[in-house]
Every structure is written in C-alpha cells, then in structure tokens.
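Every chain is numbered from 1 and lettered A, B, ... according to where its sequence line falls, protein lines coming before strand lines.
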Amino acid sequence: MDNKEIASIFNQIAELLEIKQDNPFKIRAYQRAARNLESLSVDLTDVYRSGGLKALQEIPGIGHDLSLKIEEYLKTGKIASQKALAREFPKGILELINIPGMGPKTAQLLYKKLGIDSLNKLKMAAQAGKLQHLPGMGEKKEANILRGIGFKEASHGRFLLDDATVHAAMIVEELEKLKEAKKILPCGSLRRGQETVGDLDILVISDKPKPIMDKFVSLKLVKSVLAHGETKSAIVMHNGMQADLRVVPAKSFGAAAHYFTGSKGHNIHIRQLAQKKGWKVSEYGIFDAKGRQIGGQTEEEMFSKFGLQYIPPELREMRGEFTAAAAGKIPRLIELGDIRGDLHMHTTATDGENSLEEMAKAAKHLAYEYILITDHTQSTRVAHGLDAGKSSANLHKIKLAAKNISGIRLLAGAEIDILPDGSLDLPGEIIKQLDLAVLAVHSNFKMPREQMTARIIKAMQRLPGSILAHPTGRLLGEREAYAVDLNAVIKAAAKYRCILEVNAHPKRLDLTDFYCRAAKAAGVKIAISTDAHATDQLGLMKYGVITARRGWLEKQDVVNTWPLAKLQRVCGF
DNA sequence: GCCGTTTTCGGCCCGACTGTTTTCAGTCG
C-alpha cells in the first residue's frame, strides 16, 4: 500500500524543512498531510484512479501542491523535491533529530559547529565533552543527549497491545494505593486500541499531584526518570517502554482524558473547532473568550459542546469520525459482551496445550454459547497437523464430546491449510462432516502477490461459506504480511459468502482495522477469533474486539455475536 | 503548504518540563 510510503516521504520532507528552519507552518502542513495519509481508510491508488487530482484534494490536508506530489509518486515511485531536499544535507542528519531530546535546532547547531552528521560522530563528540561548550548547551544537555542515544539503541520501538495493557495495569495498581488518586485512566494509543503501542499515557485525577508524581517516578518498574514535574512526569521502564503521567483536577477530567487519548490529528481538529467559535480547548477544559470554563468535566462534553455525537476512542483517528458525528452517524460499536462464541481454537489433538474438554470448560466460564474446534491439517507439520484419517477420528471425538458436555455447544471444525495451488488440505468427504471450516495459509509465504491472491480466492471458491483465518499471515514484530491483494480477497469473500477473520492474538490482529471497514462496506461478515492454543488464550478476545471497533464494526457485522441458530442458518450447518 | 457560512490573504492547537538563562528557547506530546 502506497499510503504509508507517501506519508513517510512527507514526514521526511517535514524533518528536512525543520533542519533548514523553513516556514514552520509549511512544516506542519507536511506533518498534517502525513498523519492524515497514515490513517486514511482508503487506498490512495484507488482515490487517484477514481477521481484524479481533484479526488486527492478532498483528503484533509492535501491541497494543490501535495496532490501533485502524490500523483508524481504514484506514477514514478518517487518525489523529486524530496530527493533534492535530501541532497542538501548529509544522510545521517535525519537520524540525529530522531534522538529523544534532540531536535532540528540542536542538530543544525552541531552540524554547523562541529560537522556532526551521524549518530556515531555525535556519540564520540558527546563522550569527549565537546558539546557542552557550544552556545545554549551545557553539561546536562550533553549528558541528556548521551542518554537519548542510549535510549534509542535500547528502545524496542513499539510494543504489542497486550504487553502495553499489562504494564499499564501494573502502574494503575500501584497508583490506586494512593488516597490522593481519585481516578486513574490509561489513555493514548492503548486506549484507542492501536495494534502496537509506543508509550503509555496515564491520566490521574487529583487535587494533590505531588505524592502521585513522587510515587510514579519511584516505582519498582522504573529504570530511569526522563522528567519529574509538578503535574507531568515521564519514566522509562525496564522493558524499554516509556510511560507518561499527567495529573489534573476533577473539573478537567473530560478535557484531559480527551487530550491524552488523542490521536494528535483528532485533538488538533477539536481545538480548531473551538477556535472558530472563539473558544479555546486545552487539557484543562473548554474555555470561552473570557477564559471561563464552559465544558470539559466529562469527555462527552468535549463533543456535545460542538454539536457532535460522542466519538469512542477507537474512532479518534481522523478517518471521518467528525463528519459521522456531526451527522449522528457514529456506529454503535461491537462490545466484548456481545461475543457469544469463539470460532478458532486448537486442542492437544494438534498443537494446543489443553484438551477438548478443558477448552470447553474454559469457554463456558466466559458464558459462551458455542465454540468451534479447529485443529490443523496434515500440511502444517510443525503443528502436528492431522491427516485425513486422524482428522476424521478427531471430528467423531468432538461430536461425541458435544453430546456429553452441557451448557455449551461444541462445533466440529478444522483449520484447513490452503495449499500453494489453492487446493485444500483435506478430502471433500471429510470437509462435508465439518460444521464450519476455517481456511488458512501456513506455507510458501514468499509467493508473488498475484499468485497468493489467486491461491486464496481459489480456496474460498472451493468452499463457500467458510472462514478465512488471519488473512495476511503477519506476526507483528516478527514476520511481514505476505503479499496479497486484500481488496480482491474482500471482493471474492462477498461473492462466495466467506467470512473474514479478525485474529485476536496480539501478534496478529489481522484483518486489520483498515480492512475491517473495507470488508463491512463490501457486505462481508467478520469472525473475531482467538486462535487459542491454551485455555487462558481464550481471554485474548478483547484485543480482537478492539480491532473490530477500530474498523467501525457493529454487533451485526460479526458472526460470533449471533445466536447459534442464526449462525447455523446463515452458514448452513 | 493548507484553508475559508466572517477571509482567496493571513491566519495556522495548546501547554508542560528542562536547561541555560535571568525571561526564554528547544523539545515533547
């Protein structure tokens, strides 16, 4: 997809213009355009194909000039002005301004005065104490830069959603012990449910910030303290994750929660709406022209004051949420409590850790009505996949167990490998015995995009009404998605009544939010499944649900919110 | 460079923390 690529080029142009100390508003224009492209819910190629430059200019932040640059990229694969700009500076200078604590001004100073144009040169100069004598610099700044380099080298970049969730909970648990903390809310990209989280943003409501700040910076999980102020502190934890804490009074709760949740683009938009009314929005509230607070105690007010419907955190990505909210068209998003079953899980028959009975019992605890048991087929050897005979025996076993287990309906399924030629790794007569089939690619990930797309579509065509599991095969932080034309897959899913899976495992979260929305628009139904390999993994469902929420999905879009009877009727078993 | 039921020119989100200053610049979110 070109959206991210172009966004990255615009960001790079912004960085270069910053070093050049160009017009700051021009820089912001590039940054804003990049942000909007990153979160765009349509493919730029499609936008351009459908309406040319004019259609591109309908994207917020894209005007005459930038639409031409996008066109240039789509046609030639590069943007000449970026190349020209990059030639004005040594290559390494961009990595300098990405060091925490270093910005364009400092980078420029160090380049001009000391000829520093790489991370390595910077490190050596700082260690030799050459930075502290420059104007505006000092011992502490030099030490800070060295720390920033260390932080960057040790930094893990982004963290998985469950990792971030667990660490946020650990901080919340400690802060809750303080009587001064009236309310604690993890915000930021974690609250918006982004697939990975860069850092934690935790909001605390209190009239006495000091004890909270002091406790926060001295928690056991703190590796180093980046900032320790009266109402705002920042720390780095032992796992390399950064956490920011902010304390505001109760009357500012809504405004602060909104501000701290983001996204950045969403926040800026609200503040611009306020400006137009002659008001001001900050993390402390909504204020009129005379500086009186007229809203912001609750988060609902942050929208209602502007005549907008409440926008759930997962939708605050500048993907059309303001237009929808103004028109009263914010969907009623699916909730974890809507889930009635799990349609993808493994048992000891293949690579699961728990037996059929144990999985059923755990699912009953979650008050599920049904589960689909989906052990692997023979091609997936690493997972001890079952051949035709063993698959058949396993199905009998599931059906027998279904009769003996009360309170939950066990459905007999299989996770059938889609072989490289698009055929299925289980004979037709055994497939017939399944209640519901899950199809998945587990091999030959390196196929060319056209072949992979054809392979998957062929499999769906062979087995209409099945579920396509983890449609891109990605493992966040480990393995790239295989090349596949998901728009074509979605189209085929609509044609063959196939269901697309949102795999709830924090490493997968695939389908992504972006394509959930595309699937919905195409009338394709979604299954949110955990792919659990042990009883405790059934609890990962919440991450799938939040991804579906980010894809604007409602209860009726997700098949495993349906009662069993409806699922049987629609899927025909 | 974008944008406009006040404007096609003149605006452009808002505030905290740090360090080097002695009133503020740079950076961050």
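With B:dG1, B:dG29, B:dC2 as the choices, the nucleotide that has an atom nearest any side-chain atom of A:Arg32 turns out to be B:dC2. For A:Pro104, counting side-chain heavy atoms from C-beta on, the closest listed nucleotide (B:dC3, B:dT27, B:dC17) is B:dT27. For A:Asp199, the listed nucleotide lying nearest its side chain is B:dG29; candidates were B:dG29, B:dC13, B:dC3. Here B:dA16 is the nucleotide among B:dG1, B:dA16, B:dC14 with the atom lying nearest to any side-chain atom of A:Thr231. Considering only side-chain atoms of A:Gln272, the nucleotide from B:dC13, B:dG1, B:dC14 that sits closest is B:dC13. Out of B:dT27, B:dG29, B:dC14, the shortest distance to the side chain of A:Thr106 is found at B:dT27.
Residue-level contact check: A:Ile62 touches the backbone only, with heavy atoms under 4.0 Å from sugar-phosphate atoms and none from bases.
Atom C1' of B:dG1 sits at a distance of 14 Å from the matching atom of B:dT8, rounded to the whole Å.
In the displayed structure, A:Glu139 atom CD is contacted under 6.0 Å by at most 12 heavy atoms of other residues, nucleotides or ligands.
Remark: A:Lys105 is in phosphate contact with B:dG26, judged by side-chain N or O atoms under 4.0 Å from OP1 or OP2. Between B:dG1 and A:Lys26, a contact under 4.0 Å exists linking OP1 or OP2 to a side-chain N or O. Dashed line: the shortest gap from a side-chain N or O of A:Ser233 to OP1 or OP2 of B:dC17 is not under 4.0 Å. The side chain of A:Tyr284 places an N or O atom within less than 4.0 Å of a non-bridging phosphate oxygen (OP1 or OP2) of B:dA16.
For A:Asn267 against B:dG29, a side-chain-to-base donor-acceptor contact under 3.5 Å is absent. Donor-acceptor pairing under 3.5 Å, judged by distance alone, is absent between the side chain of A:Tyr259 and the base of B:dG15.
Residues A:Lys520 and A:Asp557 are paired through a salt bridge, judged by an N-O separation under 4.0 Å between the basic side chain and the carboxylate.
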